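Working notes, structure below.
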Number of protein chains: 2
Amino acid sequence: MYTDLMNAPRTARERARAELTREILTAARRQLGEVGPSQLSLRAVARELEMASSAIYRYFKSRDELLTALILEAYNDIGAAAERAAERAAEPGERWIAIWRGVRAWALANRHEFALLFGTPVPGYAAPRETATAAGRMPLALAAVVAEAKAAGALAPPPAPPCEPALIDADMTALLPDAAFSADEIARIVLAWNRLVGIVSYELHGHLVGVTADDAGFFDYTARVSGAFTGLRFA
Amino acid sequence: MYTDLMNAPRTARERARAELTREILTAARRQLGEVGPSQLSLRAVARELEMASSAIYRYFKSRDELLTALILEAYNDIGAAAERAAERAAEPGERWIAIWRGVRAWALANRHEFALLFGTPVPGYAAPRETATAAGRMPLALAAVVAEAKAAGALAPPPAPPCEPALIDADMTALLPDAAFSADEIARIVLAWNRLVGIVSYELHGHLVGVTADDAGFFDYTARVSGAFTGLRFA
DNA sequence: CGAATTATGAGAGCGGTGCTCTCTGAATAG
DNA sequence: CTATTCAGAGAGCACCGCTCTCATAATTCG
């Protein structure tokens, strides 16, 4: 089910299958953008594609599986947005801000996808193995900036109490290769990542109305403060 | 609709109405705890109460209104948990940690309610006026600790770039009365509040699996780091 | 008190959902 | 050419939110 589209289809049937799978996915994504995850209806997707609703089940064995596929796409999408933003600036501090702004812009333009990734998990959903790498792209973009600063010797010493190494998963240190991050540095990157999606979620969900007066400005402030906390220096 | 239960009912009808409204609410909350917001079904609540599903609509004119009532309850609940936790410690640093732990404990024990408050907003929901004060109780408990430290002259100067006053809503400064907080101090409290629900959300949604090795320990680290960022001093 | 009004509950019904099953026809494999 | 696999359609099940009508009970008013 939801067979990998990249394995070159040979027969006409396989080609048609791959094509229709993509069509279902793009139609679903379109509708997701309009009505949000909870309202996304398999039957509506089938209607848009002018096929029987039962036929969809030949391609995705449940609504949850369709949503999972969309989650994977969205993770790659927001990760790509972060990576693209990172390329638009050279100096670590500027790169950091660029990534933050890029992620926020993506989230504002794709709020339902963002909700799908970081909002309430869909009930029947369990993250498959492949999701992890896609999900890691965005935080890895942040980590790369810190690694760059560290390599240049421009990483400021941590201000507050340090994080004990035992609190960080061993897989995590292994996942960040070249930089040889300390546990404390990893912890700060994790917190920065958490802060980024946290503040965007707050803005998207309306928790900041009557609190902040300038969402974009407060976001930039948050980005700088969070970067400084991670050890970056700003102009 | 969803008439205030506190206005003393006089006639038998009003008494019965108030009673049944409460029964619906508690049944709904029970089911919410089991299946989560998205799966909460008005018909199932009606079945549990052995009444026709259509009769529920005499008390809540839609599923969204029922959810709104549950949101209000949950906001007060988590706020009360924070306030109770605050009372269990005297010194500001300990109070801060106590509140954080209290909120986390509440969230772990009421994950679906927590999702209702800080997860993806329910589609048809628009926060009514009364919700604001209930929603403010938890962050206000945090602010109170900072105010206490400030009054005692024990608030450390801010480490990183300050927040410009223009970024904070005027209503917000007016809402925090006695403490005469600066915009920068408010911004830090807002960020601490955002961090608290952000890190709990990450833990609840599984974004920390394979990242942290000890959720409770990492949470405590986050609480300390966040407190220090806000200006508190820890032993 | 009796009549008029109002609030409440039950039931049927509408259009929607996810999902399963069976049946038919077309593409593939041997 | 035949046997098998696979894609699609349709009917149907159980559930959902919500609306409407109708009868009955509680309240208010003359």
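Because the structure is predicted, anything quoted here is derived from the model rather than measured. Convention: sequence-line order gives letters A, B, ...; per-chain numbering from 1.
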Under a 3.5 Å distance rule, please check whether B:Gln31 uses its side chain to pair with a backbone N or O of B:Ala44 as donor and acceptor.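 Checked: pair present.
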Whether the side chain of A:Asn110 engages the backbone of A:Trp106 through a donor-acceptor N/O pair (distance < 3.5 Å, no angle test) should be reported.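 It does hold such a pair.
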It should be established whether [X] places a side-chain nitrogen or oxygen under 4.0 Å from OP1 or OP2 of nucleotide [N].
| X | N | answer |
| --- | --- | --- |
| B:Tyr59 | C:dA7 | no |
| B:Arg47 | D:dC16 | yes |
| A:Arg58 | D:dG8 | no |
| B:Ser54 | C:dA10 | no |

Base, sugar-phosphate, or nothing: which does A:Ile56 touch, judged by heavy atoms less than 4.0 Å apart?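 A:Ile56: no heavy atom of the nucleic acid under 4.0 Å.
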NA contact type, B:Leu40, heavy-atom cut-off 4.0 Å: base, sugar-phosphate, or nothing?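 Answer is sugar-phosphate: B:Leu40 comes under 4.0 Å of backbone atoms only.
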Distance-only donor-acceptor test, A:Arg43 side-chain atoms vs C:dG16 base atoms, 3.5 Å: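 Absent.
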I need the [atom1]-[atom2] distance between [X] and [N], as an integer number of Å.
| X | N | atom1 | atom2 | value |
| --- | --- | --- | --- | --- |
| B:Arg17 | C:dG9 | CZ | C1' | 12 Å |
| A:Leu20 | D:dG8 | CG | C1' | 10 Å |
| B:Arg15 | D:dT27 | CZ | C1' | 14 Å |
| A:Glu23 | D:dG8 | CD | C1' | 15 Å |
| A:Met51 | D:dA7 | CE | C1' | 8 Å |

Name the closest nucleotide to the [X] side chain, picking from [options].
| X | options | value |
| --- | --- | --- |
| A:Arg63 | D:dG8, C:dC19, D:dC18 | C:dC19 |
| A:Leu42 | D:dC18, C:dG11, C:dG18 | C:dG18 |
| A:Ala55 | D:dG17, D:dG8, C:dC19 | D:dG8 |
| A:Tyr57 | C:dA10, C:dT20, D:dT27 | C:dT20 |

Would you call the rings of B:Phe118 and B:Phe114 parallel, tilted or perpendicular if under 30° counts as parallel and over 60° as perpendicular?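 Judged by the thresholds at 30° and 60°, the geometry between B:Phe118 and B:Phe114 is tilted.
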Regarding B:Arg188 and the six-membered ring of B:Phe229, is the cationic atom NZ or CZ under 6.0 Å from the ring centre and inside 45° of its axis?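 Here B:Arg188 passes the 6.0 Å and 45° test against B:Phe229.
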Is the NZ or CZ atom of B:Arg137 both under 6.0 Å from the centre of the six-membered ring of B:Tyr75 and within 45° of that ring's axis?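 Output no; distance or angle outside limits.
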Mapping B:Lys61 and A:Glu50 to their closest nucleotides on DNA chain D, which lands nearer the 5' end?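 The residue mapped nearer the 5' terminus is A:Glu50.
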5′-ward residue of the pair B:Ser53/B:Arg13 relative to DNA chain C: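 Taking each residue's closest nucleotide, the earlier one in sequence belongs to B:Arg13.
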